[in-house]
Amino acid sequence: MKEKKTMKRHMGLRATNAISNSVIHVLLVIISIIWLIPFVCIVLQSFRMELTGQVGYVIPKQWGFGNYISLFKTDFTRWYINTFIIALVNAALQTVIVLCMSYTLSRFRFKMRGALMRFMMILGLFPGMLTMIILYRVLKDLGLTESNAVPGLILVYVASSGMGYYVSKGFFDTIPKSLDEAARVDGATRMQVLFKIILPLAKPIVIYTILTAFMAPWGDYVFARYISFNNPVGMNVAVGMYNWLTIDQINKNYTMFCAGGVVVAIPVTILFMCLQRYYVEGVTGGAVKG
Amino acid sequence: MKRYSDLEFLQLSKWQKFRYRLLCFFLSIPTALKNFFLGIGRFFKNAVLAIGREFKDVAVTFKEGDGKTKLSYLIMGWGCLRRGQILRGLMFLLFEIVFIIYMIFSGGYWISMLPSLGKVGPGETYDAVLDTYVYQYNDNSFKILLYGVLTIFFIIAFLYTWRLNVKQNRIAEQILKSGKRLKSGKDDLRSLVDDQFHKTLLALPLTGILIFTVLPIVFMILVAFTNYDGSHDGFINGLFTWQGLENFRTLLVWNGGGGRSYAATFGEILTWTLIWAVFATFTNYFLGMFVAMMINKKGVRVKKLWRTILVMTIAIPQFISLLYVSKMFAKNGIVNGLLLDLGWINQAIDFWGSTANNGLLARVLVIVINIWIGIPYLMLIATGILMNIPADLYESAKIDGASGWKQYTKITLPYMLFITGPYLLTQFTSNMNNFNVIYLLTGGAPTNAAASWASGNVGYTDLLITWLFKITTGEDAKYYLASVVGIMVFVVVALITLLVYNRLPSVKNEEDFQ
């Protein structure tokens with residue numbers, strides 16, 4: 001009798017569990033749809049041929065590659081190459097800078113360490129936007145604006161990248177110090193410790209840093225706009241394509257924007273999906289350590 | 001106010017507990033501020049004492065030092081050179097020579113012009129050869145301020161090096177006295193990859209930060225005390241000069257001219273910035289956690305697929321997704337088209353243009369779209385943390401008959417809040433400065449007619465940071481005002497950080513959950 005009762009309770013539990021699980025599945029499907037809809041729309045509209053402006057429907061009446069073809073008659077190729085160069089160089093240099101900074105702050109205990117970290121935290125509270133005005137004038141004096149905006153932008157991105165050391169410092173903190181000490185006892189210099197012992201272990205964080213440094217320039221709008229200063233030669237994709245959606249341009253260039261968006265997003269997304277594991281590791285680790 | 005002991009606190013009802021905590025928080029603000037200023041005071045006291053010690057040390061070194069040391073006070077590196085540390089000596093000497101040459105040929109000029117920021121502005125002068133008036137550019141306030149600041153940095157660096165030079169002599173004398181050998185240049189070079197490796201590693205990053213972050217920030221703080229704007233750009237159409245605290249008065253005094261003061265506009269934008277930051281942070285946080293818990297739940301299938309779909313949206317550059325979504329909600333966009341087709345509305349809704357209720361529609365929509373942007377990140381973070389919660393906590397809670405909700409409020413939430421406290425704080429402050437989402441979605445629209453008198457064409461969804469950006473663009477860019485706003489943003493963000501950070505449980509008692 002008693003057994004039957006517990007069995008009944010079990011079945012009841014299982015039933016509620018099944019119901020709640022199916023509710024969750026439905027919810028997850030809805031969420032996925034909401035998250036994917038804009039991207040599906042972009043792709044669909046990039047193939048729309050009948051009108052180049054904004055319309056109230058999603059599925060094109062006339063399909064074709066026209067928008068992609070006209071994309072390459074504009075300055076888009078140049079912007080794309082600009083952004084790609086910036087992203088590549090930035091990924092290389094920024095990684096070196098960030099690793100130097102984070103490794104040092106994680107491993108060495110020198111006199112000014114605490115003060116330095118506090119100072120950088122305070123610096124980080126200033127709105128970075130403010131520095132733009134002066135950086136523009138300085139870069140202009142150096143001849144690195146407008147048509148030469150690419151090296152100028154790289155310089156700005158790389159030079160200030162040392163401030164973003166938190167995530168990789170957190171990672172280095174988790175590598176046991178006894179490894180360093182053992183190598184030091186065996187007579188290795190500090191530099192040998194870094195290159196022979198720590199770096200091979202730090203592969204995930206190196207990839208994470210490269211990935212984020214590569215992706216950031218694709219989305220930067222403000223700095224790039226300031227420094228390219230309306231000169232199409234020095235623009236990146238974000239600045240160039242933003243102008244296609246202004247009020248007087250949108251009716252001519254809306255579908256071209258969609259096509260451009262697809263061309264920009266595909267390589268970045270593929271790269272990201274391939275290295276997703278490292279990104280997730282970095283993001284979760286960074287948040288836990290604060 | 002009455003302070004409760006722990007036992008009394010436990011007996012309070014939920015509402016009373018909440019009220020008590022809130023009251024405690026606000027009552028602690030003055031103490032926190034007091035401690036902050038006391039801290040600053042202590043810092044300056046210590047700094048003065050330290051400088052005093054340095055002076056004393058310099059004097060003692062001079063008195064007790066030999067001839068080589070004494071001459072080093074004038075010719076840097078002399079002592080090192082004479083004692084056989086050629087490399088160090090040459091470095092010191094080279095630095096001194098460079099410094100002196102710089103100060104004579106350019107540094108002196110910049111420093112001397114700093115108090116006035118330029119004496120002769122641009123103007124027409126008579127050219128006898130051409131027999132006409134030609135427009136001539138003279139002093140450049142911008143460069144004077146910039147290079148003046150740079151020269152001050154350089155002087156500080158020189159003083160520091162000089163002090164190092166004196167110290168080196170003292171140390172060398174002591175080493176020689178005790179009969180040991182001095183380090184050679186080879187030793188010095190070797191130590192740069194070994195004991196002093198951190199200096200090698202930090203040299204490049206810190207130089208970059210100094211020139212491209214610290215220098216611009218110092219410069220912009222100084223600009224707040226000048227009248228640098230589009231019509232006083234310092235070179236082409238007029239010099240700018242020091243204004244004292246005038247600009248702060250403009251922004252903060254309530255009764256300004258032109259119908260409405262800057263202070264009222266500033267207050268309005270600040271309020272919305274804070275509201276936005278609270279909603280943007282907490283909606284993302286809780287909904288992201290909720291999604292993560294749904295995906296993590298036992299029995300939910302294809303977990304990887306759900307995660308991948310959400311993560312994929314992170315990869316797509318924000319300017320594409322935000323601009324596109326912004327256009328989806330335009331008057332002739334897809335959303336309106338769909339709603340019209342379904343017959344739910346008869347007339348397109350002007351999501352970004354409606355000024356009813358202070359642009360409530362646009363404000364809500366911005367927050368909702370921000371959820372769309374933010375949930376994937378939070379989902380990732382929450383997933384990692386949720387998996388780390390020991391499963392036996394839930395097991396024992398279940399045995400004790402705790403409901404799902406109870407488990408959430410008593411186990412999951414406290415754990416999450418504890419771990420992610422600092423992250424939440426940084427999220428909050430970065431949301432206050434979330435330029436991309438606002439600028440790409442609305443550009444600040446709908447226009448706030450009452451506040452438009454203030455510069456920058458203020459809109460209802462403008463945050464302080466987008467307002468600041470608007471002030472700095474256009475013909476009559478008021479750089480001085482932008483930099484005052486920037487300083488105010490810093491003050492607000494720093495205050496919040498200061499008040500919250502030390503109160504975070506994970507900072508206060510680090511060991512609790514480990």
Side-chain angles (χ1 to χ4, degrees), chain A residues 17 21 24-25 27-28 31-32 34-36 38-39 41-42 54-58 97 100-101 103-104 108 110 123 125-127 129-131 133-135 137-138 156 158-160 162-163 189-191 218-219 221-222 238 241-242 245 261 264-265 268-269 272-273 276 280 283-284 287-288 290, chain B residues 142 193-194 197-198 201-202 204-205 208-209 211-213 216-217 219-220 291 294 297 299-300 306 309-313 315-321 323-325 327-328 330 332-334 336-337 340 380-381 384-385 419-420 422-423 433 435 465 468-469 472 479 483 486 489-490 493-494 497:
Chain A
N17 222 345
N21 273 349
I24 286 176
H25 278 114
L27 270 177
L28 284 175
I31 287 174
S32 305
I34 294 176
W35 256 260
L36 288 180
F39 303 114
C41 289
I42 292 189
Q54 256 195 311
V55 288
Y57 55 88
V58 178
I97 299 257
C100 281
M101 197 80 189
Y103 175 73
T104 314
F108 293 84
F110 47 96
L123 273 187
L125 299 180
F126 270 98
M129 190 94 38
L130 262 187
T131 61
I133 306 155
I134 166 170
L135 286 180
R137 294 274 299 243
V138 170
V156 172
V158 172
S160 48
M163 308 266 293
T189 63
R190 289 277 200 178
M191 189 163 76
W218 294 91
Y221 172 73
V222 197
M241 285 168 63
Y242 184 89
L245 292 187
V264 171
V268 182
T269 312
F272 183 80
M273 296 319 274
Q276 202 202 118
V280 174
V283 166
T284 24
V288 172
Chain B
F142 188 90
V193 297
D194 203 9
F197 191 36
H198 62 274
L201 286 176
L202 285 181
L204 197 61
I209 291 175
I211 296 175
F212 284 84
T213 309
I217 286 178
F219 181 90
M220 288 318 292
V291 172
M294 283 202 303
K297 189 169 181 294
V300 172
W306 309 123
I309 289 175
L310 286 176
V311 169
M312 208 178 80
T313 61
I316 293 160
Q318 274 194 357
F319 87 95
I320 298 174
S321 46
L323 277 176
Y324 188 79
V325 171
K327 295 303 168 202
M328 277 174 81
N332 54 351
I334 295 168
N336 269 319
L340 284 169
L380 280 183
I381 289 163
I385 298 167
I419 302 273
T420 55
Y423 173 77
N433 290 329
F435 180 87
I465 195 80
L468 190 159
F469 176 72
T472 61
Y479 300 116
S483 99
V489 171
F490 171 75
V493 171
T497 310

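Order of the sequence lines fixes the chain letters, A, B, ..., with proteins taken first and strands second; residue numbering starts at 1 for each chain.
Using a 4.5 Å cut-off between heavy atoms, B:Leu468 contacts chain A through its side chain alone, with no backbone atom that close. Interface residue B:Met312: backbone and side-chain heavy atoms are both found under 4.5 Å from chain A. When heavy atoms are compared at a cutoff of 4.5 Å, A:Leu36 approaches chain B solely by way of its side chain, counted from C-beta outward. Neither the backbone nor the side chain of B:Asn336 comes within contact range of chain A; no heavy atom of the residue lies under 4.5 Å from a heavy atom of that chain. For a residue to count as touching a neighbouring chain, one of its non-hydrogen atoms must lie under 4.5 Å from one of that chain's; by this rule B:Lys297 touches chain A with the side chain only. Only the side chain of A:Met273 comes within less than 4.5 Å of a heavy atom in chain B; its backbone stays farther off. Residue A:Val158 does not touch chain B at all, counting heavy-atom pairs closer than 4.5 Å. In this structure, the portions of A:Ile42 lying under 4.5 Å from any heavy atom of chain B include both its backbone and its side chain.
Top candidate by heavy-atom pairs under 4.5 Å with chain B, chosen from A:Ile31, A:Ile133, A:Ile34, A:Ile97, is A:Ile133. When A:Val222, A:Val280, A:Val264 are compared by the number of non-hydrogen pairs under 4.5 Å with chain B, A:Val222 comes out ahead. By number of non-hydrogen pairs under 4.5 angstrom with chain A, the leading residue of B:Ile217, B:Thr213, B:Val489, B:Leu204 is B:Ile217. Contacts with chain B were tallied for A:Met129, A:Arg137, A:Met163, A:Gln276; A:Arg137 has the most, counting heavy-atom pairs under 4.5 Å. Of the residues considered (A:Trp218, A:Trp35, A:Phe126), A:Trp35 shows the highest number of contacts with chain B, using heavy-atom pairs under 4.5 Å. The candidate with the highest count of non-hydrogen atom pairs below 4.5 Å against chain A, out of B:Asn332, B:Asn433, B:Leu380, is B:Asn332. For the set A:Val58, A:Val156, A:Ile24, the entry with the most heavy-atom pairs within less than 4.5 Å of chain B is A:Ile24. When each of B:Val311, B:Leu340, B:Ile211, B:Val291 is checked for heavy-atom pairs under 4.5 Å with chain A, B:Val311 comes out on top. Of the listed residues B:Thr472, B:Thr497, B:Val493, B:Ile465, the one with more heavy-atom pairs under 4.5 angstrom with chain A than any other is B:Thr472. When each of A:Val55, A:Thr131, A:Leu28, A:Val268 is checked for heavy-atom pairs under 4.5 Å with chain B, A:Leu28 comes out on top.
What you find for B:Pro205 and A:Cys100 is that their closest heavy atoms are CG-CB, 4.1 Å. Taking every heavy atom of both residues into account, B:Trp306 and A:Ser32 meet most closely at CE3-OG, 3.2 Å. The heavy-atom pair separating B:Phe212 from A:Ala159 by the smallest distance is CD1-CB, 3.4 Å. Here the closest heavy-atom approach between residue A:Tyr103 and residue B:Leu201 is recorded as CD2-CD1, 3.7 Å. Minimum interatomic distance between A:His25 and B:Gly299 (heavy atoms only, all atoms of both residues): CE1-O, 3.8 Å. Looking at every heavy atom in both residues, A:Thr269 comes nearest to B:Ala315 through CA-CB, 3.8 Å.
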Derivation of the side-chain contact (heavy atoms from CB on, under 4.5 Å) call for A:Tyr242 and B:Phe319 = CA-CA 8 Å; A:Tyr242 184 89; B:Phe319 87 95; 5.8 Å; no
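Counting heavy atoms from C-beta on, the side chains of A:Leu130 and B:Pro216 never come closer than 4.5 Å. In this structure, the side chains of B:Leu202 and A:Met101 come closer than 4.5 Å at one or more pairs of heavy atoms. When side chains are defined from C-beta on, B:Phe197 does not count as touching A:Thr189, because their heavy atoms never get closer than 4.5 Å. The side-chain heavy atoms of A:Leu123 and B:Ile209, taken from C-beta on, include a pair separated by under 4.5 Å. Using a 4.5 Å heavy-atom threshold, the side chains of B:Val300 and A:Asn21 count as touching.
The aromatic rings of A:Phe110 and B:His198 sit parallel, their planes meeting at an angle under 30°, below the 60° perpendicular limit.
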